[in-house]
Structure formats: C-alpha cells, structure tokens
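Each remark here refers to the structure printed beneath this line.
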There are 2 protein chains.
Amino acid sequence: MRSYNQYCAVAKALDVVGDRWTLLIARELLIGPCRYGELQQSLPGMASNLLASRLRNLEGAGVVVRDAESRYVLTPWGEHLAEPVQALARWGAPLMSVRKEGDAFRSQWLAAAVGVIFGGVDPGRPPFVAEIRADGAPVTMESSQGRVQFRSGPASAPNLVLSGPPDAIIGLLAGRLNQDEAEALGVSILGDLHPLAEMRRADWLTGPEICQVESTS
Amino acid sequence: MRSYNQYCAVAKALDVVGDRWTLLIARELLIGPCRYGELQQSLPGMASNLLASRLRNLEGAGVVVRDAESRYVLTPWGEHLAEPVQALARWGAPLMSVRKEGDAFRSQWLAAAVGVIFGGVDPGRPPFVAEIRADGAPVTMESSQGRVQFRSGPASAPNLVLSGPPDAIIGLLAGRLNQDEAEALGVSILGDLHPLAEMRRADWLTGPEICQVESTS
DNA sequence: CTGCATCCGGGCCGATACTG
DNA sequence: CAGTATCGGCCCGGATGCAG
C-alpha cells in the first residue's frame with residue numbers, strides 16, 4: 001500500500017496492515033501458525049498473488065516470520081494485533097445479527113466471536129467446557145480460572161454441546177436468542193446454557209440496537 | 001469496498017471501515033464534528049472525490065450523520081470506533097520513533113498520541129495542564145480526576161508549556177527522550193516534566209524495541 | 001499436491017479541473 | 001465552501017501455469 005505519509009500512529013499502523021485482506025490474514029494467524037494453503041482456504045475469494053504479496057509485505061515489516069516447517073507465524077509485535085483486531089470485531093459485532101446470503105463461514109472464526117463476547121479475565125466466571133459444531137469441524141471453548149480459551153478440535157468432557165447453523169449458534173452465545181428460539185432455528189443443545197450468561201463480559205450488550213441496519217443501500 | 005462476504009465480525013467491520021482513508025476520517029471525527037473542508041485539510045493527499053465517496057458510504061452505513069450546520073458527526077455507533085482506532089494507534093506507536101522525511105503533521109493528531117500514552121483512568125494521576133505547540137495551532141492536555149483529556153486551543157493556566165518539532169515532543173511525552181535530549185532537538189520547555197511520568201499508562205512501554213525498524217525495504 | 005508466479009480485464013485510487 | 005467530473009494508472013480479482 002502507498003504510505004499515507006502522515007506522522008500519526010494510526011496512519012503508520014495502516015501503512016502496515018491497512019491493505020485489503022491484511023487484517024484478515026492477521027485474524028487467521030492470531031489463532032495459530034498457518035501454511036500458505038490453510039490461509040488460502042480460510043480466505044475465500046482472495047487471489048493467490050495477493051496473498052503471497054501481503055505475506056511478503058508482512059514479513060518485510062516484521063509482523064510475520066516463517067518457522068522451520070515454512071509456516072507463517074506472528075512475531076511478538078504481530079501478536080499484539082490481537083487488540084486492534086478484537087476491537088474491530090467488537091465494533092462489527094452488531095452486524096452479525098443477520099447472516100447475509102452467500103456469506104462464507106469457517107468454524108475457526110468463532111474464535112473471534114468468543115473473544116468478543118467472553119474476552120478478558122473475570123474471576124467470577126464458572127469453569128465450563130463447551131463443544132461447538134457450526135457448519136464444520138468441531139471447536140472447543142473452555143472457561144477456567146476466569147479466562148475463556150478457544151481451540152479447534154472436539155472437547156473431551158464438555159458440559160455443553162451445541163450444533164447447528166452458525167448464525168443461530170452465535171445468537172445463542174451472544175445472548176440474542178434463548179433456548180427455544182435457537183432450537184427453532186435448528187440448533188441442537190445438549191447440556192445447560194445458563195453458565196453462558198455468567199461468562200459474558202460485563203460490558204457486553206445483547207442487541208444490535210446501536211447500529212440501525214438499513215435496507216436502503 | 002467490495003464485501004468480503006464472510007460471516008465474521010472482523011470482516012463485517014472491515015466491510016464498513018476497511019476502505020483506504022476511511023479509518024483516518026474516523027480519527028478526525030473522533031476529535032469532533034468536522035466540515036468537509038476541515039477534513040480535506042486534515043487528510044493531505046486524499047482526493048476530493050474519494051472523501052465525498054467515503055463520507056457517503058459512512059453516512060449510508062449509519063456511522064456518520066450531518067448536523068444542522070451540515071457538519072459531519074459520528075453516530076453513537078461511530079463513536080465506538082474510538083476503541084479500534086486507539087488500539088491501532090497503540091500498535092503503530094513503535095513506528096513513531098522516527099519521523100520520515102515528508103511525513104505530514106497536524107497538531108490535532110497529538111490527540112491520538114495522548115490517548116495512547118495517557119489513556120484510561122488512573123486515580124493516582126496528579127492534576128496537570130500542559131499546552132503543546134508542535135508545528136501548528138496550540139493544543140491543551142489536561143489531567144483531572146485520573147483522566148487525561150485533550151482539546152485544541154491554548155491553555156489558560158498551564159503547568160507546562162512545550163514547543164518544538166513534533167517528533168521530539170512525542171518522544172518527550174512517550175518518555176523516550178529526557179529533558180536534555182529533547183532540548184537538544186529544539187524543544188523549549190517551560191515548567192516541570194516530572195508529572196508526565198506519573199501520568200503514563202502503567203502498561204506503556206517506552207521504547208520501540210518490539211518492532212525492529214528495518215532499512216532493507 | 002502444495003506453494004507460489006504470471007497474465008489480463010475491470011474497478012478503485014490519485015491528481016487536477018471545474019461548478020453551484 | 002462543498003462537492004462533481006474526468007482521466008491515467010495501479011491495484012484487485014479470477015484463471016491459469018509451473019516448479020519442487
């Protein structure tokens with residue numbers, strides 16, 4: 001990307017990660033190291049030359065390095081992209097209330113949603129393990145010592161198993177839908193949902209009321 | 001911008017504010033309502049048609065509205081862009097250690113820097129007023145009740161007056177430079193600098209050591 | 001088969017000129 | 001003052017090619 005040529009930290013940051021697709025690459029690498037092909041699968045619609053170019057730029061800027069298995073890994077500085085990426089996710093969360101026709105979905109993207117809804121540390125949180133199957137490979141959400149962690153793969157001894165369409169699962173996690181509404185949308189629920197409510201961030205707002213979703217383009 | 005077509009909060013957010021220049025427009029509007037012409041002056045290098053187009057998009061998305069004087073103002077949802085913008089500024093802060101030849105500077109951009117270095121609430125902060133003149137109109141930084149506020153215009157009864165080149169001023173505020181080093185770079189200092197150290201965020205790191213600034217393009 | 005590089009059409013970006 | 005019009009060029013997106 002052409003530099004903004006502004007002596008301002010926001011502009012400098014965008015000089016590095018402001019290109020189209022770049023922050024979505026960071027979103028994937030924040031979950032863990034990735035091969036080139038894994039990134040391609042996680043970024044449907046992105047041209048292969050663009051992915052290669054973005055990765056080169058990020059490598060040159062010191063955000064990403066290659067590991068011994070030639071996977072792409074965030075540097076310590078790159079790991080700190082977690083904060084702006086999560087802040088953007090929190091800001092964009094109201095737009096998730098409806099899933100647009102044709103929107104792609106990958107189960108690992110629940111990691112961002114989980115970070116947004118259950119982020120931070122809260123000693124009052126109960127220990128809890130949930131396994132989630134939303135349109136793909138199962139992922140596990142685990143609350144322990146006040147912190148909610150996320151990883152891909154099934155859970156060994158879950159307190160809760162959710163499976164169904166992604167938008168209904170997210171509505172349930174976000175607290176926008178209750179058990180009956182979610183089941184009506186095709187979610188199958190095994191276990192008790194009530195601990196979810198105690199695990200949400202204190203500042204989490206259930207509804208998307210802050211942004212009016214307009215239909216007039 | 002073309003939509004990413006991903007059912008993910010980060011992608012949805014970037015569908016709205018991921019376009020080139022858009023987050024810099026938000027940076028300006030976060031300081032306060034702006035006329036079209038003020039935005040143009042604050043965004044050197046941005047084409048006029050692009051500014052008009054971005055403002056239309058933001059208005060359509062519900063991020064911006066026009067007030068009675070036809071100024072552009074953030075909606076409540078738009079105000080919440082403060083978090084992602086500040087997070088980006090914090091992430092990009094290490095890149096501010098050197099000012100590149102040709103980088104533009106506006107005194108109001110100190111607002112972002114002040115937010116990054118002195119953001120949040122800390123009851124231990126002493127009350128303090130500083131007037132800063134960095135290459136332009138004077139701006140005022142005021143600490144009261146644990147919170148540091150920023151506004152444009154001179155201070156009425158400052159404890160500290162700083163004037164000089166922007167990079168040296170920022171180095172001083174960030175704690176990268178001491179009084180002698182800053183004065184050697186042309187900063188004139190009236191008053192006591194020591195309260196600044198007590199006002200910085202507890203997690204503020206002085207140096208840019210986290211990102212190696214490489215010269216090999 | 002993975003990990004890119006090349007090519008090409010279309011659209012976005014950047015600069016300047018122009019208008020109510 | 002607040003935008004609109006226009007045009008060259010670069011970036012983006014999709015398909016294809018190719019080397020290890």
Set of residues satisfying salt bridge (charged side-chain N to carboxylate O under 4.0 Å, His left out) with respect to R71(B), sequence neighbours excluded: D67(B), E69(B)
Between [atom2] on [N] and [atom1] on [X], what's the gap in Å once rounded to a whole number?
X	N	atom1	atom2	value
E59(B)	dG3(D)	CD	P	9 Å
Q40(B)	dG14(C)	CD	C1'	13 Å
L58(A)	dC4(C)	CG	C1'	16 Å
L39(A)	dC4(C)	CG	C1'	13 Å
L24(B)	dC13(C)	CG	P	13 Å
R56(A)	dC11(D)	CZ	P	13 Å
N57(B)	dG11(C)	CG	C1'	14 Å
E38(A)	dG3(C)	CD	P	8 Å

Nucleotide nearest Y36(B) when distance is taken to its side chain, options dT4(D), dC1(D), dC4(C): dT4(D)
Does either side chain, that of [X] or that of [Y], offer a donor lying less than 3.5 Å from an acceptor on the other one?
X	Y	value
Y36(A)	S70(A)	no
E28(A)	W109(A)	yes
R27(A)	Q6(B)	yes

dA2(D) OP1/OP2 closer than 4.0 Å to side-chain N/O of R66(B): no
Terminal axes of the helix from dC1(C)-dG20(D) to dG20(C)-dC1(D) (five pairs each): angle between them, nearest 10 degrees: 30°
F105(B) and Y7(A) aromatic ring geometry - parallel, tilted or perpendicular at 30°/60° bounds: tilted
Aromatic ring pairing Y4(B)/W21(A), orientation class (parallel under 30°, perpendicular over 60°, tilted between): perpendicular
Straight-line distance of Q41(A) CD to C34(A) SG, nearest 0.5 Å: 10.5 Å
Side chain to side chain donor-acceptor pair (under 3.5 Å) between Q108(A) and S42(A), intermediate numbers included: CA-CA 9 Å; Q108(A) 73 254 28; S42(A) 304; 3.0 Å; yes
Contact state string [nucleotides 12-20 of chain D, B base, S sugar-phosphate only, - no protein heavy atom under 4.0 Å]: SBB------
Atom CZ of R147(B): over 12 foreign heavy atoms under 6.0 Å: no
